[in-house]
Amino acid sequence: MAEYLANAVQNVSLNAPIIFTASLPCPRGYVYHEDETGNFILRGITNNCFARYQITFNGNIAIPEGGEVTPIAVAITVNGEPRLTSRAIVTPSAVDEYFNVTSTAIITVPKGCCFSVGVEYVDATTDDATVVPTPLIQVQNANMTVNRIA
C-alpha cells in the first residue's frame, strides 16, 4: 500500500489535478509519484495478465471566498480521463463551507503497461448546460491511497 498526502489548503482549477506534497511510497515500485505533483504511474508488473489496483481519495473541498455557489466535484482520472463513476459531488450552501468527499476506483493495468492516474476537480453539472461550474475550488487534507489488490 502507498499513501499520498497534502494537508495545506490548495486552490485547484477546473480540470486540473490535486497536488500531493508528501508520501509513504510503494516499496516495490508498483506506483511511481514525484512529490509536489498530481500524477501517479501504476505499473503492470505481474506474472498474470493484469495488475489490479484500488485507488481511494478522501479530502475536504469548498468554494473559495468570492466564488459562485454551484455543485462541485472531484473524480479519479485514468490516463487523463475522469472516471465518472468515481465522481464525488457536493452542493455547498455558501462559500468557504467544506465538505468531506471520498472516491474509489478499481483500475486494471495490463501486464507490461503503465497507466497514469490522479484526482481532478471536474464539472459536477455535465447534465445541465445552464449551470456554469465555478472556476476554482479549495482542497484541504487530501489523502490518496493506492492498494495493489491483484
Side-chain angles (χ1 to χ4, degrees), residues 1-68 70-92 95-124 126 133-150:
M1 180 181 92
E3 182 176 24
Y4 305 93
L5 312 162
N7 289 324
V9 174
Q10 60 182 290
N11 292 319
V12 180
S13 299
L14 185 62
N15 300 319
I18 294 170
I19 305 300
F20 292 85
T21 57
S23 63
L24 302 168
C26 172
R28 295 192 171 188
Y30 297 149
V31 181
Y32 174 75
H33 173 255
E34 186 174 332
D35 286 349
E36 304 293 331
T37 72
N39 297 314
F40 300 81
I41 304 296
L42 303 181
R43 299 177 65 204
I45 301 173
T46 181
N47 292 329
N48 301 316
C49 294
F50 298 96
R52 187 162 286 145
Y53 297 88
Q54 179 177 347
I55 310 295
T56 302
F57 170 79
N58 183 274
N60 300 312
I61 63 175
I63 298 170
E65 291 288 334
E68 186 73 30
T70 63
I72 54 177
V74 295
I76 295 170
T77 60
V78 180
N79 293 332
E81 293 291 323
R83 175 97 28 118
L84 294 181
T85 55
S86 73
R87 192 169 52 168
I89 304 169
V90 296
T91 305
V95 298
D96 205 30
E97 181 178 78
Y98 280 87
F99 283 83
N100 184 266
V101 294
T102 300
S103 180
T104 299
I106 304 295
I107 300 171
T108 303
V109 181
K111 180 178 182 176
C113 292
C114 294
F115 282 5
S116 172
V117 298
V119 182
E120 289 185 1
Y121 164 39
V122 296
D123 187 356
T126 56
T134 187
L136 197 68
I137 65 168
Q138 290 181 322
V139 178
Q140 186 176 30
N141 300 329
N143 177 299
M144 188 170 96
T145 58
V146 180
N147 288 305
R148 172 89 181 249
I149 57 176

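What you are looking at is a predicted structure, and each value in this text was computed from that prediction instead of being measured.
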Separation between OH (Tyr4) and CD1 (Ile18), nearest 0.5 Å, reads 15.5 Å
Tightest non-hydrogen contact, residues Val12 and Pro17, listed as CG1-O, 3.9 Å
With sequence neighbours left out, the residues meeting side chain to side chain donor-acceptor pair (under 3.5 Å) with Ser103 are none
Heavy-atom closest pair (Ile89 atom, Ala73 atom, distance to 0.1 Å) is CG1-CB, 3.7 Å
Does any part of the side chain of Val74, heavy atoms only, come nearer than 4.5 Å to the side chain of Ile137, both counted from C-beta? yes
Heavy-atom closest pair (Arg83 atom, Ala105 atom, distance to 0.1 Å) is NH1-CB, 4.3 Å
Practice task
For side chain to side chain contact (heavy atoms under 4.5 Å, CB included), just list the numbers for Val101 and Phe57, CA-CA rounded to whole Å, side-chain angles, deciding distance to a tenth of an Å, and then say yes or no.
Solution key: CA-CA 8 Å; Val101 294; Phe57 170 79; 4.1 Å; yes
When you compare the side chain of Gln138 with that of Asp96, does any pair of heavy atoms fall below 4.5 Å?
yes
Heavy-atom nearest pair, Phe115 first then Val78, reads CD2-CG1, 4.0 Å
Can Arg148 be said to sit on top of Tyr53's aromatic six-ring, NZ or CZ under 6.0 Å from centre and within 45° of the ring axis?
yes
Passes side chain to side chain contact (heavy atoms under 4.5 Å, CB included), Lys111 versus Cys49? Steps please. CA-CA 5 Å; Lys111 180 178 182 176; Cys49 294; 5.6 Å; no
When rounded to the nearest 0.5 Å, the distance separating CG of Asn147 from CD of Glu3 is 10.0 Å
- Message: For a side chain to side chain contact (heavy atoms under 4.5 Å, CB included) check, start with the C-alpha distance between Tyr30 and Val109, then their side-chain angles and the critical distance, and finish with the verdict.
- Response: CA-CA 11 Å; Tyr30 297 149; Val109 181; over 6 Å; no
d(Cys113 SG, Arg43 CZ) to nearest 0.5 Å is 12.0 Å
Nearest heavy-atom approach of Val95 to Gly67 is CG1-O, 3.4 Å
Looking at Thr77, is its backbone amide N or carbonyl O close enough to the side chain of Glu120 to form a donor-acceptor pair, meaning the two atoms are under 3.5 Å apart?
no
Checking Thr145, Asn100, Thr104, Asn141 against Asn58 for side-chain hydrogen bond (donor to acceptor under 3.5 Å, both in side chains), the one that qualifies is Asn100
#### Entry: Asp35 vs Thr21 side-chain heavy atoms within contact, under 4.5 Å
no
Taken to the nearest 0.5 Å, the spacing of Cys114 SG from Leu42 CG works out to 8.5 Å
Closest heavy-atom pair, Ile106 versus Ile149, reported as atoms and distance to 0.1 Å, is CD1-CD1, 3.8 Å
Rounding to 0.5 Å, atoms CZ (Arg87) and CD1 (Ile76) come to a distance of 13.5 Å
Give the intermediate values and the outcome of side chain to side chain contact (heavy atoms under 4.5 Å, CB included) for residues Ile63 and Glu68. CA-CA 7 Å; Ile63 298 170; Glu68 186 73 30; over 6 Å; no
Taken to the nearest 0.5 Å, the spacing of Ile72 CD1 from Thr134 OG1 works out to 8.0 Å
In short, ring pair (Phe, Tyr, Trp, His ring centres under 6.0 Å) pairs touching residues 8-27 with sequence neighbours left out are Phe20-Phe40
